[in-house]
**Q** 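Sharing a structure, written as structure tokens. Questions coming.
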Amino acid sequence: MSSSAEGRYNARAVEGKWQQAWTEAQVFAASEDRSKPKYYVLEMFPYPSGRIHMGHVRNYTMGDVVARYKKARGFNVLHPMGWDAFGLPAENAARDKGVHPANWTYQNIADMRADLKSMGLSLDWERELATCHPGYYAHQQKLFLDFLEKDLVYRKESDVNWDPVDHTVLANEQVIDGRGWRSGAVVERRKLAQWFFKITAFSEDLLAALGELERWPERVRLMQTNWIGRSEGLKLKWAVPKGPAGQKEIEVYTTRPDTLFGASFLAVAADHPFAQAVAEKDPKAASFIAECRRGGTSIVDIETAEKQGYDTGFRASHPFGAGRGVPVYIANFVLMDYGTGAIFGCPAGDTRDFEFATKYGLPIPWVVCAPGESAASMASRTEAYTEKAGSIINSEWLDGLEIPAAIAKAIDKAEAMGIGQRTVNYRLRDWGASRQRYWGCPIPVIHCDSCGVVPVPAKDLPVLLPDDVTFDKPGNPLDHHPTWKHVACPACGKQARRETDTLDTFVDSSWYFARFCSPRDGEPMDRAAVDYWLPVDQYIGGIEHAILHLLYSRFYMRGLKETGHVGVKEPFAGLFTQGMVCHETYQNPAGAWLTPEEISRAEDGTLTETATGAPVTVGRVEKMSKSKKNVVDPGSIIDTYGADTARWFMLSDSPPERDMEWTTAGVEGAWRFAQRLWRMLNEALPTLDAAGPANEAGASLRRATHKTIAAVTEDIEQFHFNKGVARIYEFANALNEHKAADGAAKREAFETLVKLVGPMMPHLAEEMWAALGHETLLALAPWPVADADLARDDLVTIAVQVGGKLRATLSLARDAAKELVEAAALADDNVRRAIDGRAVRKVVVVPNRVVNVVV
RNA sequence: GCGGGCGUGGCGGAACUGGUAGACGCACACGACUUAAAAUCGUGAGGCCAAAAGCCGUGAGGGUUCGAGUCCCUCCGCCCGCACCA
């Protein structure tokens with residue numbers, strides 16, 4: 001039973017019907033049709049957790065609006081879907097439930113695919129891919145080897161957080177108070193050979209090109225700018241004449257060489273070679289270094305750690321020959337992997353150095369004079385002067401210069417002396433991509449004692465994950481596998497070992513958008529296909545990926561370009577970051593969190609726990625999360641109200657970039673509107689084809705129709721979906737008020753309404769389209785075009801102010817002469833009362849808008 | 001600490017380049033229909049005032065302007081990102 005004019009709109013029956021119709025007609029299958037402009041819409045692909053959540057619904061609804069709209073506008077649209085399918089949860093499920101990661105993952109994909117299909121998205125499912133499928137990761141291995149050949153990936157020793165119980169490397173976020181988040185064991189810092197992508201090779205370009213990403217949110221560009229962290233400065237060598245063997249000089253990096261004469265100490269990182277050399281003969285230094293290392297790498301640890309230094313007893317000579325030189329400290333706050341791992345401390349110009357100097361009784365030479373201060377007044381300060389304005393003092397040949405000039409002169413001098421070098425430094429570090437896990441893409445190399453690292457030959461690709469693995473002991477199952485890692489060296493034939501690390505799952509998501517262009521090709525990508533489709537025109541996803549995923553993808557595209565796979569370097573021409581879906585939180589008297597379904601709402605609005613009758617405390621509106629239990633399952637919403645209702649509510653009210661609150665009342669409102677549209681159409685249907693001349697009401701309705709087309713089109717273009725929804729509500733109200741309009745005007749209005757609603761509630765719109773008598777799919781129909789002449793009002797409402805305060809409004813012909821408008825305004829009763837006999841000094845007339853009478 | 005964003009009715013939010021603040025929706029109230037309820041339809045609504053007139057009103061205070069939610073200055077509050085970056 002489908003819907004009928006008498007009955008309600010039966011969303012469940014109707015939605016399945018149209019989904020099937022779209023599939024059968026292959027409406028959303030994309031091909032490289034060069035007769036049309038292309039448009040590639042992509043939402044961040046999901047991790048297959050098993051069920052979609054409201055965040056997905058919001059994300060994919062927005063993408064679908066854009067995809068359907070662009071298609072109607074005549075674009076050749078690519079809108080694919082896939083699965084970010086590798087990752088730790090599958091291994092956890094394997095360990096906890098005994099199900100193989102592959103089975104667990106593919107079952108989840110099947111479940112989630114069904115959920116997504118129930119949303120009625122305009123996806124080309126023929127292009128579906130899963131990163132855990134050999135048909136995907138085989139190509140990723142090929143790309144890895146291409147990158148290896150171009151030195152875009154390399155292996156080096158690096159410090160990691162090592163969990164000695166679980167035998168695994170932990171990310172910083174997984175270390176809590178210095179202990180492993182799962183095992184609780186004290187985490188060790190270990191040096192381990194790891195694979196790194198050379199993202200720093202593109203630091204400058206990744207930064208500079210941000211300026212051209214005009215359709216990216218400013219916020220994201222800024223976050224990436226800060227992450228890359230470019231600075232300009234000087235690398236400068238300080239001699240340590242009596243230093244330990246092989247450590248007769250220390251190179252520091254500074255952005256403030258103008259303050260060099262204010263130096264009162266040098267400090268090196270605990271891992272700095274100088275510190276290591278000192279420690280060899282100085283047990284106290286060694287224990288200080290060990291102490292530094294013990295401190296965790298987590299943010300909290302770093303923040304709370306007290307700034308400490310160890311005086312090595314060595315002195316460095318000032319490069320410009322000033323004074324007696326300065327002491328060299330080992331300090332816990334100096335980072336080995338930023339700059340040179342060594343700094344000079346200028347207490348007068350840096351808060352942290354000031355504290356350090358005070359703590360250890362070091363001199364504080366004042367070398368910058370703030371504007372309006374004197375050398376004497378500066379010397380009496382009790383804190384560092386960190387502003388970058390002022391002139392240099394107490395600095396020999398830099399005295400009197402402004403800071404920028406002093407910086408330039410100091411650098412020139414250091415370069416001329418051959419002890420320094422102008423340097424651009426970046427905060428960005430290479431991307432450590434090794435993971436000691438099973439459920440990831442195997443790194444296709446072999447370690448041979450004679451030949452070193454040997455790439456797996458092309459004929460032996462892909463390196464498949466073995467199926468027969470166990471998860472009963474801690475550590476990497478690939479490493480435990482009895483036979484998998486033992487292979488002959490491809491170069492010399494001797495016994496060798498496979499690499500047992502797998503790739504970070506961020507690698508999988510760094511090129512999937514390119515694979516979508518030719519998802520079944522025998523090569524990673526078909527050059528003609530990527531040249532046609534890339535870059536993605538509109539990418540949509542959460543702000544949480546502002547840095548890592550988006551930056552890695554930008555790096556990967558550059559790597560793909562260098563290895564000849566693509567021709568462009570930016571993956572995403574347009575980016576939109578949507579807000580989160582939130583919900584009220586509920587707690588019972590015992591403080592336990594309750595789900596929205598466990599709550600009953602009484603007539604007077606008070607809430608109780610359904611099972612016990614206990615009162616419920618309503619907490620803050622927060623992001624839907626399992627821990628707070630404030631989640632609503634999209635499946636049950638779609639079952640009850642239909643996908644269109646869920647989609648419509650997602651688009652209503654809240655601006656898409658902002659967080660939204662999911663409420664029952666809101667969903668019901670959306671559902672009522674869907675019903676109302678269906679009812680309105682069926683009431684009007686018999687009158688739409690009535691013969692008769694165009695009438696006044698019809699002209700008025702047509703104005704509303706064409707205004708609405710213009711407004712909704714603009715709103716969708718601008719991603720102002722909530723405003724577009726409001727315009728559609730207004731238009732529905734207008735239709736209601738123009739029942740007397742002639743049939744042709746009403747038919748035009750209804751057909752327009754259906755087309756505008758189409759991207760948002762595609763099933764209902766398709767059903768209405770059919771009811772209007774169309775035998776072709778709305779999904780294939782073109783977007784309506786606004787006629788500016790028809791949209792124009794003949795009468796305009798003009799506000800009349802006296803002294804800036806609104807006193808009256810006038811309804812006058814559009815573009816009436818100024819004198820006429822002014823006269824009409826002054827003749828108005830309310831206006832005359834407000835003027836109250838005072839002299840009119842001036843009358844400001846803004847055409848078609850406002851008259852302001854100045855008294 | 002550095003950087004960014006945001007403060008508008010009971011709520012979510014509109015308001016083009018400075019020109020009728022509160023569109024639209026939710027919630028609410030009243031009315032119609034109904035035996036009744038639901039659904040639906042209609043009406044109302046920023047605050048003060050019995051109402052009209054009027055006055056007040058976009059976090060607070062000041063300024064520019066004929067006119068400020070919008071521009072400028074000072075302050076307050078909330079949110080987010082980065083954070084020993086030399």
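Here is the naming used below: chain letters follow the sequence lines, and residue numbers restart at 1 for every chain.
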**Q** Should stems be defined as at least three consecutive Watson-Crick or G-U pairs with both distances under 3.5 angstrom, which of them involve RNA chain B?
**A**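 Detected stem regions: B:1-7 with B:76-82, B:10-12 with B:24-26, B:28-32 with B:40-44, B:46-48 with B:54-56, B:59-63 with B:71-75.
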
**Q** Using atom CD of Glu683(A) as one end and atom C1' of C41(B) as the other, report the distance to the nearest whole Å.
**A**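 It works out to 10 Å between those atoms.
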
**Q** What side chain to side chain donor-acceptor pair (under 3.5 Å) pairs are there with at least one residue in residues 709-719 of chain A, not counting sequence neighbours?
**A** Tyr69(A)-Glu717(A), Thr713(A)-Trp783(A), Glu714(A)-Gln718(A)

**Q** Could you tell me how the ring of Trp671(A) sits relative to the ring of Tyr641(A): parallel (under 30°), tilted (30 to 60°) or perpendicular (over 60°)?
**A** perpendicular

**Q** Is there any side chain to side chain donor-acceptor pair (under 3.5 Å) pair reaching into residues 841-851 of chain A, and which pairs are they, with sequence neighbours excluded?
**A** Asp815(A)-Asn848(A)

**Q** Taking O4'-C1'-N9-C4 for purines and O4'-C1'-N1-C2 for pyrimidines, is G9(B) syn (within 90° of 0) or anti?
**A**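 You should classify G9(B) as syn.
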
**Q** Under 4.5 Å between any side-chain heavy atoms of Arg256(A) and Lys388(A), yes or no?
**A** yes

**Q** Look at the side-chain N and O atoms of Lys805(A) and state whether any lies under 4.0 Å from the OP1 or OP2 oxygen of U20(B).
**A** no

**Q** Tell me whether the side-chain N/O atoms of Arg841(A) come closer than 4.0 Å to OP1 or OP2 in C66(B).
**A**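 Checking Arg841(A) against C66(B): no side-chain N or O falls below 4.0 Å of OP1 or OP2.
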
**Q** Considering heavy-atom distances to RNA chain B, does Asn830(A) or Asp653(A) have its closest nucleotide positioned more toward the 5' end?
**A**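 Nearest-nucleotide comparison on RNA chain B picks Asp653(A).
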
**Q** Do the side-chain N or O atoms of Asn722(A) get closer than 4.0 angstrom to the phosphate oxygens (OP1, OP2) of A14(B)?
**A** yes

**Q** Please check the phosphate of G25(B) (OP1 and OP2 only) for any side-chain N or O of Asn733(A) closer than 4.0 Å.
**A**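 Result: yes.
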
**Q** Give Glu730(A) one of three labels, base, sugar-phosphate or nothing, depending on what nucleic acid heavy atoms sit under 4.0 Å from its own.
**A**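 Result for Glu730(A) = sugar-phosphate.
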
**Q** Does OP1 or OP2 of A15(B) have a side-chain N or O of Lys723(A) closer than 4.0 Å?
**A**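 Yes, within the criterion.
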
**Q** More 5' along RNA chain B: Arg807(A) or Thr797(A), using each one's nearest nucleotide?
**A**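 Upstream on the strand: Thr797(A).
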
**Q** Report the distance from atom NZ of Lys739(A) to atom P of C41(B), rounded to the nearest whole Å.
**A**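 It works out to 9 Å between those atoms.
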
**Q** Flag the pair Trp662(A) / Val667(A) as yes when at least one side-chain heavy-atom distance between them is below 4.5 Å, and no otherwise.
**A** yes

**Q** Contact class for Ser652(A) (heavy atom, under 4.0 Å): base, sugar-phosphate, or nothing?
**A** nothing

**Q** On the nucleotide C85(B), are OP1 or OP2 found under 4.0 Å from the side-chain N or O atoms that Arg352(A) carries?
**A**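 For Arg352(A), the contact criterion (side-chain N or O under 4.0 Å from OP1 or OP2 of C85(B)) is met.
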
**Q** CD of Gln718(A) versus P of A14(B): gap in Å, rounded?
**A** 13 Å

**Q** Starting from P on C41(B), measure out to CZ on Arg676(A) and report it in whole angstrom.
**A** 6 Å

**Q** Using a cut-off of 4.0 Å on non-hydrogen atoms, how would the nucleic acid contact of Val853(A) be classed: base, sugar-phosphate, or nothing?
**A**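 Result for Val853(A) = nothing.
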
**Q** Measuring to OP1 and OP2 of A27(B), would you say a side-chain N or O of Arg672(A) lies under 4.0 angstrom away?
**A** yes

**Q** Examine A86(B): is either OP1 or OP2 under 4.0 Å from a nitrogen or oxygen in the side chain of Tyr338(A)? Give yes or no.
**A** yes

**Q** Which whole-number value in Å describes the distance from Leu806(A) CG to C66(B) C1'?
**A**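 The answer, rounded to whole Å, is 15 Å.
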
**Q** Looking at side-chain heavy atoms only, is the closest gap between Leu651(A) and Met761(A) below 4.5 Å?
**A**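 Result no, sub-4.5 Å side-chain heavy-atom pair not found.
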
**Q** Between Arg679(A) and C41(B), does any side-chain N or O lie under 4.0 Å from OP1 or OP2?
**A** yes

**Q** For Asn226(A) and C85(B), is the shortest distance between a side-chain N/O and OP1 or OP2 below 4.0 Å?
**A**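 Negative; the distance criterion is not met.
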
**Q** Provide, to the nearest angstrom, the distance between the CH2 atom belonging to Trp671(A) and the P atom belonging to G25(B).
**A** 18 Å

**Q** To the nearest angstrom, how far is His720(A) atom NE2 from C24(B) atom C1'?
**A**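 So the two atoms are 15 Å apart, to the nearest Å.
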
